[in-house]
Protein chains: 2
Amino acid sequence: METVERLIRSTQELLWERGYVGTSPKAIQRAADAGQGSMYHHFTGKAQLARAAIERSGAELREAAEDQLSGSGTATERITDYLERDREVLRGCRIGRLTSDPDVMADPELRQPIDETFTWLRARLAEIVAEGKRNGEYPGSLDPEQTAATIAAVLQGGYVLARAAGSVEPFELAVKGLINLLPEATK
Amino acid sequence: METVERLIRSTQELLWERGYVGTSPKAIQRAADAGQGSMYHHFTGKAQLARAAIERSGAELREAAEDQLSGSGTATERITDYLERDREVLRGCRIGRLTSDPDVMADPELRQPIDETFTWLRARLAEIVAEGKRNGEYPGSLDPEQTAATIAAVLQGGYVLARAAGSVEPFELAVKGLINLLPEATK
DNA sequence: GTCTATAGGAAGATAGAC
DNA sequence: GTCTATCTTCCTATAGAC
């Protein structure tokens with residue numbers, strides 16, 4: 001694999017595990033098996049490399065979500081598939097975790113791809129809820145944007161609770177609790 | 001205010017804003033207006049001081065939650081009061097944000113008070129849901145532990161989405177979406 | 001493209017004076 | 001209890017050779 005690619009992937013991993021503040025250029029170089037000069041030849045510095053890594057992770061998150069969300073089946077089926085997909089729960093969300101990184105939030109270049117990822121996700125979920133309403137699967141009282149935000153929040157919050165507990169259990173409880181709250185098909 | 005107290009409170013603020021990895025002893029000393037020697041006289045180091053600060057923040061979170069959760073009113077009223085309480089949404093949760101800090105998660109002494117805080121919160125919310133079931137406010141099909149985890153997750157995830165967006169809107173959408181999903185009183 | 005050398009500053013303490 | 005000095009290592013680059 002080329003150096004640039006190794007640098008980006010190593011940065012993705014380190015950002016996921018340690019965040020931006022907790023990741024040093026030296027650690028990236030070690031993980032990518034690239035030298036100091038090599039890294040600074042391809043990127044202006046840590047920030048630019050992080051930007052590339054975050055964009056990549058955002059694209060991967062969208063693709064992975066689309067796998068379940070674009071399936072056939074009812075709205076609830078697709079949402080349930082998405083919620084119950086295999087996830088590395090205890091590692092947290094590689095995008096969501098960056099929202100607690102002060103240097104990421106302070107730099108618009110770094111925050112933008114995070115914003116775009118979640119904005120896309122909420123819009124995509126809202127579309128599916130809206131489809132469910134049109135099908136008569138959901139009642140007219142269900143607000144697509146609100147419900148979409150709730151679904152995305154349960155996942156992000158589920159990660160937080162699971163990591164706090166050191167166990168996937170709270171994540172799974174939260175997801176099941178949400179699925180039970182979703183309206184039954186109004187056949 | 002005494003030095004120890006200023007050190008703890010300054011550490012609470014810095015952990016909230018910058019996390020553990022992003023907070024240096026020097027920054028704490030500056031914020032607390034305390035010298036190097038003073039800080040190391042009262043605490044063995046950054047970790048011990050952080051532990052004290054996290055315990056304090058956890059206690060404050062529990063007290064604040066209890067304000068709404070121990071009120072009179074139906075289960076849904078109390079849960080809604082809790083969800084809709086004034087919060088500094090864009091600052092995130094001072095406890096939840098620490099779950100993305102690698103050095104906090106790696107140190108059992110630091111993770112413990114976080115675990116305890118959320119375990120308490122979920123149990124407290126589950127009690128209220130269980131009360132709602134006994135009153136006939138909620139159907140027998142509602143699982144208290146699941147629903148409690150969902151409620152806690154919506155808040156934690158709401159913070160994440162809001163910070164990603166740089167706006168409180170997603171938080172408020174997620175909360176409203178959840179409230180709409182909670183069962184109507186089965187009068 | 002990649003490597004080594006160098007650099008100013010911060011991180012996280014420890015030691016001993018006052 | 002608090003202050004200043006000192007220490008080692010790491011951080012984030014930049015410069016210039018190969």
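Just so it is clear, the structure is predicted and the values come from calculations on it, not from any experiment.
Although no hydrogens or angles enter the test, the distance criterion places a donor-acceptor pair under 3.5 Å between the side chain of B:Lys133 and the main chain of B:Gly140. In this structure, A:Glu137 contributes its side chain and A:Ala75 its backbone to a donor-acceptor pair below 3.5 Å.
For the residue pair B:Gln112 and B:Glu55, no side-chain donor N or O sits within less than 3.5 Å of a side-chain acceptor on the partner. There is no side-chain donor-acceptor pair under 3.5 Å between B:Ser100 and A:Arg163. A side-chain donor from one of A:Arg87 and A:Tyr159 sits under 3.5 Å from a side-chain acceptor of the other.
Contact between the side-chain N/O atoms of B:Ser38 and the OP1/OP2 oxygens of D:dC3 is not found at any separation under 4.0 Å. Listed pair B:His41 / D:dC3 fails the phosphate criterion, with no side-chain N or O lying under 4.0 Å from OP1 or OP2. Regarding contacts with the backbone of C:dG1, every side-chain N or O of A:Thr3 stays at 4.0 angstrom or more from both OP1 and OP2.
Here the nucleotide nearest the side chain of A:Lys46, chosen from D:dT2, C:dA13, D:dT12, is D:dT12. For B:Ser24, the listed nucleotide lying nearest its side chain is C:dG12; candidates were C:dG12, D:dG1, C:dA5.
Distance CD (A:Gln48) to C1' (D:dT12): 15 Å, rounded to an integer number of Å. Following rounding to the nearest Å, B:Tyr40 (OH) and C:dA11 (C1') show an atom-to-atom distance of 8 Å. Rounded to whole Å, the distance from CE on B:Met39 to P on D:dT4 is 16 Å. We find that NZ of A:Lys26 is positioned 17 Å from P of C:dA11, with the value rounded to whole Å. Rounding to whole angstrom units, OH of residue A:Tyr20 and C1' of D:dC11 are separated by 12 Å. When rounded to the nearest whole Å, the span between CG of B:Asp107 and P of C:dG12 equals 14 Å. Spacing between atom CD of A:Gln29 and atom C1' of C:dG1 amounts to 14 Å, rounded to whole angstrom units. In this structure, A:Arg30 atom CZ and C:dC3 atom C1' are separated by 17 Å, rounded to whole Å.
For A:Gly37 and A:Pro25, each mapped to the nucleotide of DNA chain D holding its nearest heavy atom, the one lying further toward the 5' end belongs to A:Pro25.
Contacts of B:Gly35 with the nucleic acid, taken as non-hydrogen atoms under 4.0 Å apart, involve only primed sugar atoms and P, OP1 or OP2.
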